Novice: 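Quick one: this structure, given as structure tokens, is what I'll be asking you about.
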Amino acid sequence: MSHSVITVENLSKRYIIGHQRSKDDGFRHVIEDAIRAPFKWLRSSQERKKRQKEEFLALQGVSFQVKQGDVLGIIGRNGAGKSTLLKILSRITEPTTGKISIDGRVASLLEVGTGFHPELTGRENIFLNGAILGMSRVEIKMKFDEIVAFSEVEKFLDTPVKRYSSGMYVRLAFAVAAHLEPEILIIDEVLAVGDTQFQAKCLGKMGEVARGGRTVLFVSHNMAAVKQLCSRLIFLQNGKLHLDADTPSVIDEYLHGITYDQGTWVRKQAIPSKDGVFFKALAVVDSKGRETGVLSSTDKFSVDINFVATAVILDAQIAIRFTNQDGIVAFTTSSTDYKRGFTVIQIGAHHFTVAFDATFFPSGKYHLQFAAHVSGKVLFDLVDLSLTIEETGTLRTVCRDDRLGVVNPVFEWREE
């Protein structure tokens, strides 16, 4: 019977968030400050500090165990506490309360840039990471060729990693983490940076690691990958452990327990003052020009995207990812589809419209995730919408019944 290699007991992590009045609070606040100024000395410094700071609980009373050879998936919405948990398990940060017990050597791949020295070459970083994991130079040399072959960056092995693309960085980082034989392998969503072929290669390697009796902790929003790899899932919600059970049960709870704005979204708070690209309003619009969250399967529709750039952003993208009700990504489209290569978004308001045809989709519910980002480097804004496509039962759509596939287009056939 396998023993527990990770034990987490009543784990909590508290952060202190500092608040500062915005520069554009307005003339009214200037007048208020002038009136109140003579009386400010009456307030103690402790009161002022308390007013300007707020506590945020990233994790609250989380407890679980992981046995040797388990492949444990950790899922939850953005901000649920997944990355904080992995950073504590990887000893990058300490918990505020509670304790963890880890039996074995841990290798972590949490985000692009973690664990490598930018000034060192790929070759030097392989040996550095091996030494950090407690391996001898001889042990690292035995695995060296295998790491390089898996990463596919042999041509750039003697180049400082600060010159690597995000994809190359992740390739080498994963190869090092997976091949230097840690007892426990911890992988965050960072694999999403790589291309589809490399992601499949990584999933295969993680499965191989698990079959070899080692333990894997895997965080992902890709439910298809989670289903393929994990036999057990932990579902975090608002920093708390919401559910710890078998994979199908947790995925079902996760997908059906999350609600998003249906078809339309408008930003309620002010656009952030920091440099970046931020959404103002999003809407699904049917063929009659109506904003809606429910479409007929024979309809044509578009997605309207209104956003603001607060600075000139180089190599920026607006992307939409469609995910079906089983959590499988159907496809992703990006603003680079119409502007190939290097793109620049200028300061100011912008409006994109993307056209779709509902006959392309099987009926059901869809999750649309909108991202404003510089690929693999910076995520500026992320918004989720839901969309329902209802089967109308017409001749054009009936022929799609019982077809397999994430998408279900009806193509034109001709007999010559």
Side-chain angles (χ1 to χ4, degrees), residues 5-6 66 68 74 82-95 100-195 198-199 201-210 212-220 375-378:
V5 293
I6 299 176
V66 185
Q68 181 181 342
I74 303 172
K82 305 184 299 297
S83 295
T84 300
L85 175 59
L86 295 195
K87 285 177 181 177
I88 292 173
L89 293 175
S90 302
R91 299 186 178 93
I92 293 172
T93 187
E94 293 184 353
I100 60 171
S101 174
I102 299 177
D103 181 11
R105 190 166 56 194
V106 178
S108 304
L109 184 56
L110 303 184
E111 57 188 47
V112 178
T114 299
F116 279 1
H117 193 296
E119 299 295 336
L120 298 181
T121 66
R123 184 187 304 274
E124 290 165 338
N125 270 295
I126 291 173
F127 281 92
L128 174 63
N129 270 257
I132 290 171
L133 285 171
M135 298 180 70
S136 69
R137 192 173 182 83
V138 173
E139 288 176 304
I140 300 167
K141 280 185 174 181
M142 289 174 61
K143 291 287 182 180
F144 186 84
D145 290 343
E146 196 176 343
I147 291 169
V148 174
F150 188 94
S151 67
E152 301 172 6
V153 297
E154 184 176 4
K155 186 178 178 181
F156 307 97
L157 200 57
D158 294 307
T159 301
V161 296
K162 66 181 181 181
R163 298 196 176 96
Y164 283 17
S165 69
S166 56
M168 291 166 60
Y169 212 114
V170 169
R171 283 174 180 271
L172 185 58
F174 180 86
V176 170
H179 287 81
L180 290 184
E181 297 190 348
E183 282 83 18
I184 302 166
L185 179 62
I186 300 178
I187 305 290
D188 204 346
E189 188 68 52
V190 68
L191 290 184
V193 174
D195 57 69
F198 186 70
Q199 289 179 38
K201 190 175 178 180
C202 290
L203 289 172
K205 183 61 182 178
M206 283 191 280
E208 181 184 320
V209 167
R214 287 178 280 166
T215 306
V216 178
L217 270 63
F218 180 48
V219 166
S220 180
S375 182
K377 295 181 181 178
V378 183

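Being a predicted model, the structure only gives us computed values, none of them experimental. Scope of the values below: all heavy atoms of this structure, side chains included, with no hydrogens, waters or symmetry mates. Quick note: residue numbers are just sequence positions, from 1.
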Novice: Would you compute the distance between atom CD1 of I6 and atom CD1 of I186 and round it to the nearest 0.5 angstrom?
Specialist: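 Output value for this atom pair is 5.5 Å.
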Novice: Are the side chains of F127 and K141 in contact, using a 4.5 Å heavy-atom criterion?
Specialist: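 Yes, their side chains come closer than 4.5 Å.
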Novice: Report, as yes or no, whether the 6.0 Å neighbourhood of atom CD on E154 holds more than 12 heavy atoms from other residues, nucleotides or ligands.
Specialist: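 Open: at most 12 neighbouring heavy atoms sit under 6.0 Å from CD of E154.
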Novice: Give the minimum heavy-atom separation between R123 and D158, together with the two atoms involved.
Specialist: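 Taking every non-hydrogen atom into account, NE-OD1, 2.8 Å.
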Novice: For the pair E124 (side chain) and T121 (backbone), establish whether a donor and an acceptor sit closer than 3.5 Å, ignoring hydrogens and angles.
Specialist: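 Judged by distance alone, yes, a pair lies under 3.5 Å.
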Novice: On a heavy-atom basis, which atom in I147 and which in A175 lie closest, and how many Å separate them?
Specialist: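 Looking at all heavy atoms of both residues, the closest pair is O-CB, 3.5 Å.
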Novice: Within the 4.5 Å heavy-atom criterion, are M206 and L185 side-chain neighbours or not?
Specialist: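 Sidechains of L185 and M206: in contact.
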Novice: Below 4.5 Å, heavy atoms only, C-beta onward: do S83 and D188 meet side chain to side chain?
Specialist: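 In short, these two side chains touch, coming nearer than 4.5 Å.
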Novice: Looking at every heavy atom in both P118 and P160, which two are closest together, and how far apart are they?
Specialist: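 Minimum heavy-atom contact is O-CB, 3.8 Å.
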Novice: Would you give the length of the straight line joining atom CZ of R163 to atom CD of E119, rounded to the nearest 0.5 angstrom?
Specialist: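 Rounded to the nearest 0.5 Å, the CZ-CD separation comes out at 8.0 Å.
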Novice: Quick check: does any side chain N or O of K205 sit under 3.5 Å from a backbone N or O of H179, one acting as donor and the other as acceptor?
Specialist: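 No.
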Novice: Between V148 and I126, does the side-chain contact (heavy atoms from CB on, under 4.5 Å) criterion hold? Intermediate values first, please.
Specialist: CA-CA 9 Å; V148 174; I126 291 173; 4.3 Å; yes
Novice: Which atom names give the shortest non-hydrogen contact between K82 and I74, and what distance separates them?
Specialist: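 That closest heavy-atom pairing would be CD-O, 3.8 Å.
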Novice: Does the side chain of L128 reach to within under 4.5 Å of the side chain of F116, using non-hydrogen atoms?
Specialist: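 Contact flag for L128/F116 side chains = no.
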Novice: Applying the side chain to side chain contact (heavy atoms under 4.5 Å, CB included) test to I102, which of V66, V5, I184 qualifies?
Specialist: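 Checked V66, V5, I184 against I102; only one passes side chain to side chain contact (heavy atoms under 4.5 Å, CB included): I184.
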Novice: Indicate the atoms forming the closest heavy-atom contact of R105 with E183, along with that distance.
Specialist: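 Nearest heavy atoms, R105 then E183: N-OE1, 2.6 Å.
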Novice: To the nearest 0.5 Å, tell me how far K155 NZ sits from M168 CE.
Specialist: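 With rounding to 0.5 Å, NZ (K155) is 9.5 Å from CE (M168).
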Novice: Indicate yes or no: at least one non-hydrogen side-chain atom of N125 is less than 4.5 angstrom from one of V176.
Specialist: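 Heavy-atom side-chain distance check fails, nothing below 4.5 Å.
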Novice: Could you tell me whether the side chain of L85 reaches within less than 4.5 Å of the side chain of L217, counting heavy atoms only?
Specialist: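 Answer no - side chains too far apart.
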Novice: Starting at CZ of R91, measure out to CD1 of I100 and round the result to the nearest 0.5 Å.
Specialist: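 Here the interatomic distance stands at 6.0 Å.
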Novice: Can you name the nearest heavy-atom pair linking F156 to Y164, along with the distance?
Specialist: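 Answer, listing the atom of F156 first, then Y164: O-OH, 2.6 Å.
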